[in-house]
2 protein chains.
Amino acid sequence: MGEETPWLDEEEQQTWLAMVSMFVRLPAALDAQLQRDSGISHFEYQVLAGLSMAPGRTMRMSELAEFAEGSLSRLSHTTSRLAKKGWVRRAPDPQDGRSTLACLTDAGWAKVVETAPGHVAEVRRVFVEALTATQRRQLREIATRVNGAIGPGKACS
Amino acid sequence: MGEETPWLDEEEQQTWLAMVSMFVRLPAALDAQLQRDSGISHFEYQVLAGLSMAPGRTMRMSELAEFAEGSLSRLSHTTSRLAKKGWVRRAPDPQDGRSTLACLTDAGWAKVVETAPGHVAEVRRVFVEALTATQRRQLREIATRVNGAIGPGKACS
DNA sequence: AGGATTCACTTGACGCATCAAGTAAAGGAG
DNA sequence: CTCCTTTACTTGATGCGTCAAGTGAATCCT
C-alpha cells in the first residue's frame, strides 16, 4: 500500500468514532433484548421472521440466507438448531432435488408471535423514538449510500 | 408484553431494513479488509490502535476495554493472543496491584504502522467518500442520539 | 488491626460462526 | 448415454466471545 493514504481530519474522526460506537453497540443491544426476553439471537430471529412472512411460511435455504444476510453454512447450522427446538422443519424441494425447503412449524409461528412485539418495541426505542422523521429520512439515504460503497454483498435492491 | 405495541409504518420499515443491512455489512466489510490484508480482527485492531495512541504505548486493561468497547474478559483473551504473537506485553501496575498494564511492543507498533493505512483507506472508501460533508454531520448527530437511546453502555461522553 | 467487601482481572467450559471439504442432484458437451 | 461442471446444500474442525467461577490485591468498617 502506498505511503500517501490521507488520514481522517478531526471532524471525520469524531463522526467515525461515534459511528463505530453505534455499530458495536446497536447489534449488541438488539441481541441482548432478544436473548433476555426470548432466548434467541438476532440472526435466529431474522430467520424465523423471514419464514413467518413467506408464502406458506416456507422458503428455500438459499433465499432465506440472502434475506437474513448470512452464509448458507451459517443458516444450515442455525436451521439445525431451530429444528431441534421444533420451530422449523426441513423438506426436500419437489421441484429441485438439490434444494432444501425450510418451513416454519406452528410452534415456530407461535414463537415469532410471542417474540416480535418486544423486539419491535426495542427497535422503536433506540431508533424510531430517538430520531426525528427528518433524521430517519437522512439515515435512509446514508445507509443506502454506504451499502452501495461496501459493494454488492448480495443485498442490492 | 402488552398486546398494543405499534408496528413500524412503511417509511420506518424501509429505513430500518436499510439500517440493519448496513449494520450487518459494514462491520463485516471492515473485518474482511483487516483479515485479508493483515490477518487481524477489527477488535484486535482497536486494541493495538488504542495502545499505539496511549502515552507510553501503555494502558490499564479496564481503560483499554472501555476504549475498544469490549468486555474485560474478551480483552483478556485477546491480549493473551496478541502477547503470543509478540505484539503486546503484560505488566503489573506498580500503583495498584490489582491492575494489569498492557504495553505495545516494537513489533506491535510496527504492525499498527503497517496495518493502519489500508484500514483508513477502507474507512474512507465506505464512509468518507460515499457521503457528503452534510451527511457526515447528520450521521454524527444521529449516531449520538442512537447511542444515547441505547443507554450508558459505558461510552457516554 | 482484623474481617468482610469490592475491584480488577484471569481462567475454563460452552456455544455459535467460519472455513474447508464432502455429497448429491441438475444441467450441459460430445 | 456418459462424463464433467455447476448448484445447493451439509458436515466437521477450528477459533473467538461469553458467561460463570476463581484469585489476589485494595478498601471499608468497626
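Computation of the quantities below employed the complete heavy-atom set of this structure, encompassing side-chain atoms and omitting hydrogens, waters and symmetry-equivalent molecules. Letters A, B, ... mirror the listed sequences (proteins, then strands); counts begin at 1.
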Which label fits A:Tyr45 and A:His119: parallel for a plane angle under 30°, tilted from 30 to 60°, or perpendicular past 60°? tilted

Select base, sugar-phosphate, or nothing to describe what B:Asp93 touches, counting heavy atoms under 4.0 Å on all strands. nothing

May I ask you to verify whether the side chain of B:Ser62 and the base of C:dC7 hold a donor-acceptor pair under 3.5 Å? no

So, under a plain 3.5 Å distance rule, would you say the side chain of B:Ser73 forms a donor-acceptor pair with the base of C:dT10? no

Between [N] ([atom2]) and [X] ([atom1]): distance, integer Å:
| X | N | atom1 | atom2 | answer |
| --- | --- | --- | --- | --- |
| A:Ile40 | C:dG15 | CD1 | P | 18 Å |
| A:Gln35 | D:dT18 | CD | P | 12 Å |
| A:Leu72 | D:dT11 | CG | P | 12 Å |
| A:Leu82 | D:dT10 | CG | P | 13 Å |
| A:Leu101 | D:dT7 | CG | P | 19 Å |
| B:Leu75 | D:dG17 | CG | C1' | 12 Å |
| B:Glu66 | C:dC7 | CD | C1' | 15 Å |
| B:Phe43 | D:dT18 | CZ | C1' | 12 Å |

Take B:Leu51 and B:Cys103 through the test side chain to side chain contact (heavy atoms under 4.5 Å, CB included) and record every step on the way to the result. CA-CA 7 Å; B:Leu51 288 176; B:Cys103 176; over 6 Å; no

How far apart are the C-alpha atoms of B:Asp37 and B:Thr115, what are their side-chain angles, what is the distance that settles it, and do they pass the side chain to side chain contact (heavy atoms under 4.5 Å, CB included) test? CA-CA 8 Å; B:Asp37 296 347; B:Thr115 302; over 6 Å; no

Do the side chains of B:Leu48 and B:Leu82 get nearer than 4.5 Å, heavy atoms only? yes

Less than 4.5 Å apart, side chain to side chain, heavy atoms only: is that true for B:Glu63 and B:Glu66? no

Go through D:dT18, D:dA8, D:dT11 for me and flag the one nearest to the A:Ser99 side chain. D:dA8

Side-chain N,O ([X]) to OP1/OP2 ([N]) below 4.0 Å:
| X | N | answer |
| --- | --- | --- |
| A:Thr78 | C:dA17 | yes |
| A:Thr100 | D:dT10 | yes |
| A:Ser80 | D:dT10 | no |
| A:Ser76 | D:dC9 | no |

Got a list of protein N/O to nucleotides 13-16 of chain D N/O distances below 3.5 Å?
none

Residues within residues 46-61 of chain B bordering DNA chain C, heavy-atom distance below 4.0 Å: B:Arg60, B:Met61

Counting neighbours of CG on B:Asp9 that are heavy atoms of other residues, nucleotides or ligands and sit closer than 6.0 Å, is the number greater than 12? yes

Set out, in order, the CA-CA distance, both residues' side-chain angles and the distance that settles side chain to side chain contact (heavy atoms under 4.5 Å, CB included) for B:Arg90 and B:Met61, then state yes or no. CA-CA 9 Å; B:Arg90 280 180 217 253; B:Met61 292 291 277; 3.8 Å; yes

Both A:Arg98 and A:Thr79 contact DNA chain D. Taking the nearest nucleotide for each, which residue is further toward the 5' end? A:Arg98

May I ask whether B:Leu17 and A:Met59 are part of the same hydrophobic cluster, defined by side-chain heavy atoms of I, L, V, M, F, W, Y residues being less than 4.5 angstrom apart, directly or through others? no

Determine, using the 4.5 Å side-chain heavy-atom cutoff (strictly less than), whether B:Trp16 and A:Phe67 are members of one ILVMFWY cluster. no

If we ignore angles and hydrogens, is there a donor and acceptor under 3.5 Å between the side chains of B:Arg60 and B:Ser99? yes

